[in-house]
Number of protein chains: 2
Amino acid sequence: MAELSTTSDVPVATIKYYLREKLLPAGESETANQARYGSTHLDRLRLIRALIDVGGLSVVSARSVLRAIDSDASLPETFAVAQRSVSVPIASGDLDPADLDRIDELLVGWHVSPDNPGRLASARVLSAFRGVGQTDDRGWFARYAEAALLIATADLDEIESRPDRAAKAETVVVGTVLGDALISGLRRAAQEHITSQRFS
Amino acid sequence: MAELSTTSDVPVATIKYYLREKLLPAGESETANQARYGSTHLDRLRLIRALIDVGGLSVVSARSVLRAIDSDASLPETFAVAQRSVSVPIASGDLDPADLDRIDELLVGWHVSPDNPGRLASARVLSAFRGVGQTDDRGWFARYAEAALLIATADLDEIESRPDRAAKAETVVVGTVLGDALISGLRRAAQEHITSQRFS
DNA sequence: GCATACGGATAGTATAGCTATCCGATAGCG
DNA sequence: CGCTATCGGATAGCTATACTATCCGTATGC
């Protein structure tokens, strides 16, 4: 365990915490006070840190996506789990139906279920925009939707390129969780680029 | 204050907390135990809730972006504040220079300063991808960068459409903070759409 | 004249994510 | 064989955040 800690750069106490929280499977005990951790443990630990540190997942969310990877759920099911774990749950009753309508209007031709976390989250953002006095943002949102379609297509292409179900499932989770961080990072870089282009 | 609480649906105790934390300016005291809150206070309160609830900002981050809106800082400066407040700070020393190189390679032709939070965040995501054994993701990342450019262009167009500096600054902040929530929401909807397209 | 409501100050609460200490067992060393 | 250091596991403690609840003196309005 000490070795796992040094190679992964995660404190021993934290590893113990992840074991307790069932994020990490226990090593196989060799004697009563020695356990063996192999490369699978190291890989899993790195995945955990990526999800939590970079993706910003909570420990409970991380656990549920890890379970989804380990299960034999279908890809769409794994996607659903991954999506729910990165989204704050929103009850559709809390939303103004008019906001949902406007989102659906934006997404015409898309096949999206009514309780898709992204659909609800988008409606909530729209409502917040309205609350702040931001209006006439239809064009803005439409361009976001176009970009989202590009990204999702890239995501699915990447997932399909993976060899087997296990690898595909992991890419679904990693892509969903880290993809959010990636797109916002690149967006900030692009914002600075365009800003400097227009302000000089 | 009770009125402000009912119209905004924010508990009185929470409003007091925001006053204490200097997110909300104090109402003008009329007598020793009465204060007057106007529509500016209501607007500000709604903005605070949008930033915190929908945008996921911490109270301290919210305070710093509100200060940026109220200041007479230039738009690029306001952008920088907004970007820093939505990003977890990353020291460039913690990153593998090779990851930064690969991001810079992706961003050729872009005018981005070395300490742009998005550039650093993207490098960190790249490093996390590598750590979980995800490779050959150059094409994937490039498509993300393309989408980011589309989004940033839409952002800047929207900002420029605003009448004056104050409105522009508010759109910078609101757009930066809520835009992240919007794009990830739309991405999830698009993922479901493309998935169902390909799996049926 | 007095219950009620006000704003401000202060203290308390809940949760999350670690982190530190204690404990008995055992491995290595001489 | 003895002794110290280290192991894994269990438990308790810590820190930060975002509220939330109570108390208090003042003042309003019926």
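Residue numbering restarts at 1 for every chain, and letters A, B, ... go by the order of the sequence lines.
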Residue whose closest nucleotide on DNA chain C lies nearer the 5' end, A/Pro11 versus B/Met1: B/Met1
[X] [atom1] - [N] [atom2] separation (whole Å):
X       : N      : atom1 : atom2 : result
B/Glu21 : D/dA16 : CD    : P     : 14 Å
A/Leu24 : D/dG8  : CG    : P     : 12 Å
A/Leu19 : C/dC18 : CG    : P     : 14 Å
A/Leu4  : D/dC7  : CG    : P     : 13 Å
A/Leu51 : C/dG17 : CG    : C1'   : 16 Å
A/Asp53 : C/dC18 : CG    : C1'   : 12 Å
B/Glu28 : C/dG8  : CD    : P     : 13 Å
A/Arg36 : C/dT26 : CZ    : P     : 19 Å

Enumerate the residues from residues 55-64 of chain B whose closest heavy atom to DNA chain C is under 4.0 Å, giving them by residue number; use none for an empty result.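 None, since no heavy atom is under 4.0 Å.
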Restricting to non-hydrogen atoms, name the atom on B/Ala128 and the atom on A/Ala50 that form the minimum distance, rounded to 0.1 Å.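 Minimum heavy-atom separation between B/Ala128 and A/Ala50: CB-CB, 4.0 Å.
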Looking only at heavy atoms, the pair that brings A/Leu42 and A/Ser8 closest together is CD1-CB, 3.7 Å
Any chance the side chains of A/Ser58 and A/Ser61 put a donor and an acceptor closer than 3.5 Å?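 Checked: A/Ser58/A/Ser61 side chains pair up, N/O donor to acceptor below 3.5 Å.
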Using a distance-only test with no angle check, is there a side-chain donor-acceptor pair under 3.5 angstrom linking A/Tyr18 and A/Arg63? no
Pairs under 3.5 Å (N/O, protein and nucleotides 9-13 of chain C):
residue : atom : partner : partner atom : Å
C/dT10  : O4   : B/Arg20 : NH1          : 3.4

Using a heavy-atom cut-off of 4.0 Å across all strands, would you classify B/Ala13 as base, sugar-phosphate, or nothing?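 Here B/Ala13 touches the bases of the nucleic acid.
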Does atom CZ of A/Arg36 have more than 12 heavy-atom neighbours from other groups under 6.0 Å away? no
Atom CG of residue position B/Asp9 - does it have more than 12 heavy atoms of other residues, nucleotides or ligands inside 6.0 Å? no
Holding to side chain to side chain contact (heavy atoms under 4.5 Å, CB included), I want the full list of residues that pass it with B/Ala189, two or more places apart in sequence or in another chain. A/Leu107, A/Trp110, A/Val112, A/Asn116
Nearest to the A/Tyr18 side chain among D/dC19, D/dC7, C/dC18, which nucleotide is it? C/dC18
If you pin B/Arg49 and A/Gly27 to their nearest nucleotides in DNA chain D, which one's is more 5'?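 It is A/Gly27, whose closest nucleotide lies nearer the 5' terminus.
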Is the phosphate of C/dG17, meaning OP1 or OP2, less than 4.0 Å from a side-chain N or O of A/Thr14? no
Between CD on residue A/Gln83 and CD on residue B/Glu192, distance to nearest 0.5 Å: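 One gets 7.0 Å once the value is rounded to the nearest 0.5 Å.
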Between B/Asp96 and B/Ser127, is a side-chain contact (heavy atoms from CB on, under 4.5 Å) present by the stated rule, with each step listed? CA-CA 8 Å; B/Asp96 186 340; B/Ser127 144; 5.6 Å; no
